[in-house]
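Order of the sequence lines fixes the chain letters, A, B, ..., with proteins taken first and strands second; residue numbering starts at 1 for each chain.
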Amino acid sequence: MKTNKQNADFLHIGKKLIKWYQTNARQLPWRENQHPYNIWISEIVLQQTQVKQGLGHYLRFIERFPTAKELHKASEDDVLLYWKGLGYYSRAINLHKAAHQIIEEFDGKFPTHYQDILKLKGVGKYTAAAVASICFDEKIPAIDGNFYRVLSRIFADDFDMSSSKAFQYFTDLALLIMPEDKPGDFNQAIMDIGSEICKPKNPLCGECPVNDDCIAYQTGRISEFPMKTKKAKVTDLSLKYYFIKFQNQFLIKQRGNDFIWKKLYEFPTSVPAEWEELIMNSKIINHKLTHKNMTIEINTIELESKKALEKFASDNEYLIVDEKLADEKSFPKPLETFYKKRNVGEIGRLPF
DNA sequence: AATGCGGGGCG
DNA sequence: CGCCCAGCATT
């Protein structure tokens with residue numbers, strides 16, 4: 001925690017949020033009472049799910065399974081049937097398992113403390129905090145994506161929300177603005193403001209009850225927050241090449257301008273079916289290599305004549321190059337490696 | 001620390 | 001149409 005924030009009083013922000021919530025809360029079915037069962041179901045439904053999408057499912061689910069006892073008695077298939085279309089189906093399976101826990105481990109009574117609620121299957125820190133604060137007045141901030149966004153903007157704080165330390169960091173920040181009283185209203189105020197006003201894109205700052213406390217808004221830097229490093233997406237890639245040659249000459253073609261290795265040269269990526277017969281009589285050397293997250297298979301085919309090579313090249317618009325000339329072309333790294341050490345490999349059959 | 005789960009929303 | 005999405009369990 002930054003020391004310059006420790007001594008200042010930010011509790012007035014939380015108090016404003018609570019006051020705003022008491023007259024501006026969205027009217028939602030699970031807010032008609034504070035039964036922990038209903039709040040719990042609603043929080044699970046709303047994980048990674050918009051209210052607009054989850055509302056109908058929530059109503060049908062509660063109608064079919066009005067209490068933990070009913071949910072406990074149901075079959076897993078029945079529970080899944082009522083989850084159909086919502087996605088993340090392990091949520092439904094865990095809901096069902098948690099109903100068993102409530103009946104068997106908690107004697108049919110929904111647990112009343114954060115630490116016990118957390119023991120339920122499918123309930124993590126966010127959901128446990130939401131239920132504990134809304135239903136049992138425990139002062140625990142319900143830290144989710146909304147909270148990261150709202151807090152980072154209020155404090156114009158560029159702490160990376162992708163960091164593994166972000167949860168603790170934003171918990172500390174939340175406690176700076178969280179009053180002792182009405183923790184449930186406080187958390188729900190953040191939920192409503194996060195989804196309706198302090199939206200990721202095009203936030204409606206003019207309607208925000210704490211816009212004069214929001215440093216990002218006051219300094220016109222809303223779009224800078226929250227700070228988030230996007231991790232490079234890792235995808236496995238499997239490639240197959242044919243190193244088709246006659247003596248010291250072989251075939252290459254320049255890649256297009258899309259995907260990877262733009263404009264670099266590579267070996268043929270396929271062998272047309274009409275060449276199959278000719279190639280069946282050739283010696284095939286199979287070579288596999290890995291590079292980063294790629295696996296590349298290269299089949300070396302020694303043709304019987306220069307004429308065959310030329311025919312193949314003109315049929316498929318390949319370039320015939322000399323081994324020395326090839327050095328002047330730009331190859332992707334794994335192909336260049338192969339090109340320089342291509343005497344490695346095993347004799348095999350062509351894998352058509 | 002990274003990955004899988006699933007739909008809808010968004011540019 | 002591809003990309004994105006902090007909640008939770010699992011690895």
Side-chain angles (χ1 to χ4, degrees), chain A residues 30 39-58 60-61 76 79-101 111 114-134 140-155 157-174 187-188 190-204 222-223 225-237 258-260 292-293:
Chain A
W30 50 87
I39 297 295
W40 167 53
I41 300 296
S42 75
E43 288 299 339
I44 301 297
V45 167
L46 293 178
Q47 282 170 13
Q48 313 288 292
T49 307
Q50 308 266 29
V51 169
K52 188 173 62 170
Q53 186 199 358
L55 190 58
H57 278 88
Y58 169 83
R60 285 188 291 277
F61 195 94
E76 189 179 88
V79 178
L80 281 168
L81 187 62
Y82 280 78
W83 206 263
K84 186 171 62 177
L86 262 183
Y88 280 126
Y89 296 96
S90 63
R91 289 186 291 178
I93 294 166
N94 282 331
L95 222 38
H96 190 223
K97 288 179 181 167
H100 295 328
Q101 290 177 277
Y114 173 81
Q115 288 300 337
D116 285 330
I117 299 168
L118 198 52
K119 291 176 185 164
L120 298 174
K121 296 285 183 199
V123 172
K125 289 181 285 190
Y126 164 76
T127 304
V131 176
S133 65
I134 295 168
I140 304 174
I143 305 296
D144 68 348
N146 288 327
F147 226 137
Y148 283 154
R149 189 169 57 254
V150 173
L151 284 173
S152 68
R153 285 174 174 169
I154 287 176
F155 290 105
D157 191 319
D158 65 356
F159 196 97
D160 183 0
M161 64 179 271
S162 322
S163 156
S164 60
K165 293 175 180 164
F167 178 82
Q168 189 56 54
Y169 185 86
F170 283 103
T171 298
D172 292 346
L173 220 47
N187 280 331
Q188 290 180 104
I190 299 283
M191 295 174 197
D192 282 13
I193 288 169
S195 63
E196 304 284 295
I197 295 173
C198 197
K199 298 183 291 181
K201 300 277 157 77
N202 307 319
L204 309 174
I222 279 289
S223 63
F225 306 99
M227 213 288 271
K228 180 168 35 172
T229 59
K230 43 188 142 197
K231 39 198 160 188
K233 194 178 161 188
V234 176
T235 321
D236 288 340
L237 193 58
D258 57 340
F259 198 40
I260 54 169
K292 297 185 180 175
N293 56 327

Checklist entry - Do the side-chain N and O atoms of Asp172(A) and Gln168(A) include a donor-acceptor pair separated by under 3.5 angstrom? => result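 There is such a pair between these side chains.
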Next on the checklist: Holding to side chain to side chain contact (heavy atoms under 4.5 Å, CB included), I want the full list of residues that pass it with Ala99(A), two or more places apart in sequence or in another chain.
Outcome noted: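 With neighbours one apart ignored, the set is Leu71(A), His72(A).
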Checklist entry - In residues 121-131 of chain A, which residues come under 4.0 Å of DNA chain C by heavy atom? => result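 Close to the strand are Lys121(A), Gly122(A), Val123(A), Gly124(A), Lys125(A), Tyr126(A), Thr127(A).
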Checklist entry - Can you name the salt bridge (Lys or Arg N to Asp or Glu O under 4.0 Å) partners of Glu76(A), sequence neighbours left out? => result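 Once residues adjacent in sequence are excluded, Glu76(A) has no partner under the salt bridge (Lys or Arg N to Asp or Glu O under 4.0 Å) criterion.
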Next on the checklist: Nearest to the side chain of Gln47(A), heavy atoms from C-beta on, is which of dG6(B), dC8(C), dA6(C)?
Outcome noted: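 Between dG6(B), dC8(C), dA6(C), the one nearest the side chain of Gln47(A) would be dC8(C).
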Next on the checklist: Quick check for you: among dA6(C), dC5(B), dA1(B), whose closest atom lies nearest to any side-chain atom of Ser164(A)?
Outcome noted: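 Selected nucleotide: dA1(B).
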Taking [X] for its side chain and [Y] for its backbone only, find out whether a donor-acceptor pair lies under 3.5 Å.
X         : Y         : result
Ser162(A) : Thr229(A) : yes
Gln101(A) : Lys121(A) : yes
Asn94(A)  : Leu120(A) : no
Arg149(A) : Cys198(A) : yes

Checklist entry - Looking at residues 89-98 of chain A, who's got a heavy atom less than 4.0 Å off DNA chain B? => result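 Result for residues 89-98 of chain A: Tyr89(A), Ser90(A), sorted by number.
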Might you list the N or O atoms of the protein lying below 3.5 Å from N or O atoms in nucleotides 8-11 of chain B, with each pair's distance?
unit_1: dG9(B); atom_1: OP1; unit_2: Lys52(A); atom_2: NZ; d: 3.1

Next on the checklist: Looking at Lys84(A), I'd like to know if its NZ atom is crowded, meaning that more than 12 non-hydrogen atoms belonging to other residues, nucleotides or ligands lie closer than 6.0 Å.
Outcome noted: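 No - once you tally the heavy atoms of other residues, nucleotides and ligands closer than 6.0 Å, there are 12 at most.
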Checklist entry - When you match Thr49(A) and Lys165(A) each to their closest nucleotide on DNA chain B, which lands nearer the 5' end? => result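 Nearest nucleotide further toward 5': that of Lys165(A).
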Next on the checklist: Counting the atoms with a prime plus P, OP1 and OP2 as sugar-phosphate, which does Lys228(A) contact under 4.0 Å by heavy atoms, base, sugar-phosphate, or nothing?
Outcome noted: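 The residue Lys228(A) makes sugar-phosphate contact but no base contact.
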Next on the checklist: Run the ring pair (Phe, Tyr, Trp, His ring centres under 6.0 Å) test against His57(A) and tell me which residues pass, sequence neighbours left out.
Outcome noted: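 For His57(A), no residue satisfies ring pair (Phe, Tyr, Trp, His ring centres under 6.0 Å) once neighbours in sequence are set aside.
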